[in-house]
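Okay, structure first, notes after.
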Amino acid sequence: MSYIIETVTIIAMVAAVIAAIPTVIGWLPTKLSNKERDVLLLAKGDSGYPYMILFVCGITKKAYVQTPFKHDTTTYISDELVSLTCKKLIKVAFLREGGAYSGDGQFVWYMLTRKGIDVLNKISKP
């Protein structure tokens, strides 16, 4: 009888550990590349558009991000937005077409999620 109780106890402990994995993963700090960090820091730059990042892409243009309407903050990117989206740090707020020509850029406005704002606050501390 004690053998059955020990076996059930071990199975219950293993099940508890497996169930706790998502919670423990949430405690770990989010790892960012230097480029991802630079992209997130763009969202802090403007009080008129808080926690927003403007992504511009097109057939004839190289993809870049910037603080909305601040052209001096332009950062050229490759897959950083996909990575930040997968990490649930940003999400699409809205889309806008750039112009009438096929080479004109497409504008995608991203906003930080609650998790993204928390990470931004951590990385922007001196």
Side-chain angles (χ1 to χ4, degrees):
M1 184 72 160
S2 67
Y3 174 73
I4 294 173
I5 292 173
E6 289 175 12
T7 304
V8 169
T9 303
I10 291 172
I11 292 171
M13 288 189 309
V14 170
V17 168
I18 292 171
I21 288 173
T23 302
V24 172
I25 288 174
W27 296 340
L28 299 174
T30 304
K31 295 187 183 209
L32 299 173
S33 69
N34 289 338
K35 199 81 160 206
E36 290 171 341
R37 178 182 160 83
D38 293 344
V39 170
L40 276 184
L41 288 171
L42 291 174
K44 187 177 179 176
D46 192 344
S47 60
Y49 298 92
Y51 306 118
M52 298 292 286
I53 300 167
L54 178 60
F55 171 59
V56 181
C57 62
I59 295 172
T60 61
K61 297 183 182 221
K62 190 172 180 186
Y64 65 88
V65 291
Q66 67 182 30
T67 301
F69 304 112
K70 293 198 176 184
H71 303 293
D72 60 336
T73 63
T74 298
T75 302
Y76 292 96
I77 60 168
S78 57
D79 62 349
E80 289 78 17
L81 291 181
V82 173
S83 177
L84 291 170
T85 302
C86 289
K87 293 176 182 177
K88 298 183 180 173
L89 300 179
I90 61 173
K91 64 181 180 179
V92 174
F94 57 93
L95 308 167
R96 189 177 71 120
E97 289 191 28
Y101 301 103
S102 62
D104 289 342
Q106 301 296 312
F107 300 95
V108 182
W109 292 71
Y110 283 90
M111 63 186 280
L112 270 61
T113 61
R114 177 77 251 160
K115 183 178 178 182
I117 293 169
D118 292 342
V119 170
L120 175 65
N121 290 336
K122 286 179 186 176
I123 65 173
S124 61
K125 288 182 182 176

Apply side-chain contact (heavy atoms from CB on, under 4.5 Å) to the pair E6 and T9, showing each step before the final yes or no.
CA-CA 5 Å; E6 289 175 12; T9 303; 5.6 Å; no
Test log, rule side-chain contact (heavy atoms from CB on, under 4.5 Å), inputs F107 and L95:
CA-CA 6 Å; F107 300 95; L95 308 167; over 6 Å; no
side-chain contact (heavy atoms from CB on, under 4.5 Å) between I90 and T113, worked out:
CA-CA 5 Å; I90 61 173; T113 61; 5.7 Å; no
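For Q66 and T75, the side-chain atoms include no donor-acceptor pair closer than 3.5 Å.
Electrostatic pairing of D118 and K122 does not count as a salt bridge here, judged by no charged N lying under 4.0 Å from a carboxylate O.
The hydrophobic cluster containing M52 does not contain V65, counting ILVMFWY residues as joined when their side-chain heavy atoms lie under 4.5 angstrom apart, directly or transitively. Residues F55 and Y76 do not share a hydrophobic cluster, defined by chaining ILVMFWY side chains whose heavy atoms lie under 4.5 Å apart. No continuous path of hydrophobic side-chain contacts links M111 to I77 [ILVMFWY only; heavy atoms under 4.5 Å]. Taking hydrophobic clusters as Ile, Leu, Val, Met, Phe, Trp and Tyr residues chained together by side-chain heavy-atom distances below 4.5 Å, I53 shares a cluster with Y51. V39 and L54 sit in two unconnected hydrophobic clusters of ILVMFWY residues. Membership requires side-chain heavy atoms under 4.5 Å apart, directly or through other members.
Two residues are said to be in side-chain contact when any heavy atoms from C-beta on lie closer than 4.5 Å; K87 and V119 fail this criterion. A heavy-atom distance below 4.5 Å is not found between the side chains of L112 and L89. L40 has its side chain out of reach of R37: every pair of non-hydrogen atoms, C-beta onward, lies at least 4.5 Å apart.
Between W109 and F69, the distance from one ring center to the other falls under 6.0 angstrom.
Counted within 6.0 Å of NZ on K91, heavy atoms from surrounding residues, nucleotides or ligands total 12 or fewer; the atom is thus considered open. Other residues, nucleotides and ligands contribute at most 12 non-hydrogen atoms within 6.0 Å of the CG atom of N34.
Distance alone, capped at 3.5 Å, is enough to place a donor-acceptor pair between the T67 side chain and the L42 backbone. S33 contributes a side-chain N or O that, together with a main-chain N or O of E36, makes up a donor-acceptor pair within less than 3.5 Å. With hydrogens and angles disregarded, no donor-acceptor distance shorter than 3.5 Å links the side chain of K44 to the backbone of N121.
In this structure, CD1 on I123 lies 4.0 Å from CG on L41, to the nearest 0.5 angstrom. If you take OG on S124 and CD1 on I117, they are separated by 11.5 Å, rounding to the nearest 0.5 Å. The structure places NZ of K35 at 13.0 Å from OG of S83, a figure rounded to the nearest 0.5 Å. Interatomic distance, L84 CG to K115 NZ, rounded to the nearest 0.5 Å: 11.0 Å.
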